[in-house]
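Below: the structure, in C-alpha cells.
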There are 2 protein chains.
Amino acid sequence: MDKNLKRMATMHRMQMTGLELFYRQGYYNTSIDDILKSLDLSKGAFYYHFQSKEEFFISIVQNLVFRKVYSMLIEPVEGKNNPLHAIEVCLDDALETAEHNHMDFGFVLANFMNEFNGRNPEIMKYLTDICKVWEVNLVTALQRGKTDGFVERHIDSEGVAAYIISSYFGIRTLMVGGNRKMMRYHYIQQLRNYFRSLSPVVIA
Amino acid sequence: MDKNLKRMATMHRMQMTGLELFYRQGYYNTSIDDILKSLDLSKGAFYYHFQSKEEFFISIVQNLVFRKVYSMLIEPVEGKNNPLHAIEVCLDDALETAEHNHMDFGFVLANFMNEFNGRNPEIMKYLTDICKVWEVNLVTALQRGKTDGFVERHIDSEGVAAYIISSYFGIRTLMVGGNRKMMRYHYIQQLRNYFRSLSPVVIA
DNA sequence: AAAATAACCGACCGCCTGGTCGGTTTAACG
DNA sequence: CGTTAAACCGACCAGGCGGTCGGTTATTTT
C-alpha cells in the first residue's frame, strides 16, 4: 500500500520535471537523460515506470496539461453570469502567470501543438482534443450569454470561440520576445474592444 | 562568372529545400542529411557552401522568410487607402494559401518563434525582428488610416497591431487540427467584427 | 530471519547527429 | 591543350540519443 504511494510520488515527480523541461526546451530537444539528471534518477527508474518517451509524454498531457487547462481556462468561465466578462478576467489571469514567466497552460498547449503538428499524429490528437474541449465550453458559455442578454443574439458562437482561442495562442507567441507587461495590457484592451462589438447595443 | 551563378543556384536550392523541411518537421527534428538526401547532394557540398546548420538556417530566415513576409504581409497593406480593409484582404489571402496546406510565411514565422523561444537567443532575435517590422508597418498603416478617416482616432495603434498579429498567429496554430476552410471563414468574419469596433461611427 | 517483490542503478547497444577532411570531378581560362 | 580552382563526394569521428537488461538495494510479507 505504501509502495503504491511511493510509486505515484515518483511518477508524479518525473511528470512534473518532464513537463517543465519539455515546455522550456521542446520535446524533441529534451532527452530523457536531461530529465533524469535534474531528478537524480537513472534510466532504470524511468523505464520501470514508463514504457517509452512517447507514452511518458502522453501521460503528462493527460494528467497535467489537460487538468490545468480545465481548471485555469474552462472552469473559471463555466459558472459565471456574464461570459464575456468572465472570459476576459480568466485570460487576464492566465496572462499574469505568463507575465511572470511561469507556465500558463494555454501556452503549453499551443506550444506543443506547434511542435507536433505534422510530426506525430497520435500526440497531436490528444492536444487538439483538449483544444476542442476548451472551444466547446466557450461556445456553451456564449450561447448561455445570449439567452441571458449578455451577448448579441446573432453572433456566431463557434467563430467567436475560435477567434478568442486564436488571439490568446497568438499573444503568447508574441509575448516571448517583447515587453510582456505591456503586451498583456494591449491584449486585454483590444479583447475588450472586440467584445464590445459582441455585446447587445444598449438602448439609452 | 558562370561559376558564381552555379554557386548561387545550388545555395538557393539548398535553402528552399531546407526551409520546406524545417517548416514541416521542425529545425531540431530535421537533420542535414535529410535535406541532402532529397537534393541528391552530399555533406561536402553542404559544408562547402555553409559554415554550420545554424548559419544555414539564419541565411534562410533572412533570404527567404523575411522577403516573403514582406511581400505577402507588409507590401500589400502599404499603399492602400483603407488600412483595415487592406489588412483584411491580405490576411484572407494568406489564409487561402494556408487552407491549401502550402507554406504561408506568417505561420512559418510563428512556428519558428515557438521552436526557438528560450532555446536559441540569436536565431530568436532574427525572428522577432521580422515580427517587429511587420508590427511597425501595421502601426504606420493604422495611423495613416486615422488621418484619412478610416480608423477611429482614439484607438491604440500599437495595441491593435499586436492584436492583429496575435490572432493571425493563433488561427494558424488552430487551423492545423481542424476544418481549415471553415476556420478561415470564421476568422475573417470575426476579424471584420473586431475591425467594426475600430471604425469611425458613421453618422447616418 | 528469510523470502519475495517493488524500486532503482548504470553499463551497454545500435543508431543517428553535426561536423571534418583528403580526395575526385567539373568547368573556366590562358 | 594543360592548369587551376571551384564544386562536390563520402568515409569517418566523437558525442548524444532512446531503449535494454542483468544486477543491487529497499521495503513488505510471511
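Quick note on labels: first sequence line is chain A, next is B, and so on, each numbered from 1. This structure is a prediction, so every number in the text was calculated from the model and none was measured.
- Of the N and O atoms on the side chains of B/Glu78 and B/Tyr70, at least one donor lies less than 3.5 Å from an acceptor on the other residue.
- Spacing between atom NZ of B/Lys53 and atom C1' of D/dG16 amounts to 13 Å, rounded to whole angstrom units.
- One can place CE of A/Met8 at 16 Å from C1' of C/dA6, the figure rounded to the nearest angstrom.
- Looking at residues two or more places apart in sequence or on another chain, you find no ring-ring contact (aromatic ring centres under 6.0 Å, His included) involving A/Phe107.
- Of the residues B/Phe50, B/Tyr48, B/Tyr47, the one that meets the ring pair (Phe, Tyr, Trp, His ring centres under 6.0 Å) test with B/Phe56 is B/Phe50.
- Residues B/Tyr168 and B/Asp104 bring a donor and an acceptor atom of their side chains to less than 3.5 Å of each other.
- Residues A/Phe105 and A/Leu19 come closest through the heavy atom pair CE2-CD2, 3.6 Å.
- The phosphate of D/dC8 has OP1 or OP2 within less than 4.0 Å of a side-chain N or O from B/His49.
- Between the P atom of C/dT17 and the OH atom of B/Tyr47 lies a distance of 12 Å, rounded to the nearest Å.
- Regarding A/Met11, its CE atom lies at a distance of 11 Å from the P atom of C/dC8, rounded to whole Å.
- Counting any heavy atom pair closer than 4.0 Å across all strands shown, B/Asn29 reaches no nucleic acid atom.
- Side-chain nitrogen and oxygen atoms of A/Thr10 include none within less than 4.0 Å of the OP1 or OP2 phosphate oxygen of C/dA7.
- Not one side-chain nitrogen or oxygen of B/Arg7 sits closer than 4.0 Å to the OP1 or OP2 atom of D/dA6.
- Taking atom CZ of B/Phe50 as the reference point, atom P of D/dC8 lies 11 Å away to the nearest angstrom.
- The CG-P distance, from B/Asp34 to C/dG18, rounds to 8 Å in whole Å.
- Applying the ring-ring contact (aromatic ring centres under 6.0 Å, His included) definition to pairs two or more places apart or across chains, those involving residues 110-133 of chain B are B/Tyr27-B/Phe116, B/Tyr28-B/Phe116, B/Phe57-B/Phe112, B/Phe57-B/Phe116.
- The distance from atom NZ of A/Lys6 to atom P of D/dA26 is 9 Å, rounded to the nearest whole Å.
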Within the sub-3.5 Å range, which N or O atoms of nucleotides 10-14 of chain C have a protein N or O partner, and how far apart are they?
residue, atom, partner, partner atom, Å
C/dG10, O6, A/Gly44, N, 2.9

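- At whole-Å resolution of the value, OH in A/Tyr48 and C1' in D/dG19 are 18 Å apart.
- Proximity of A/Gln143 to A/Val139: side-chain heavy atoms (C-beta onward) are separated by under 4.5 Å at one or more points.
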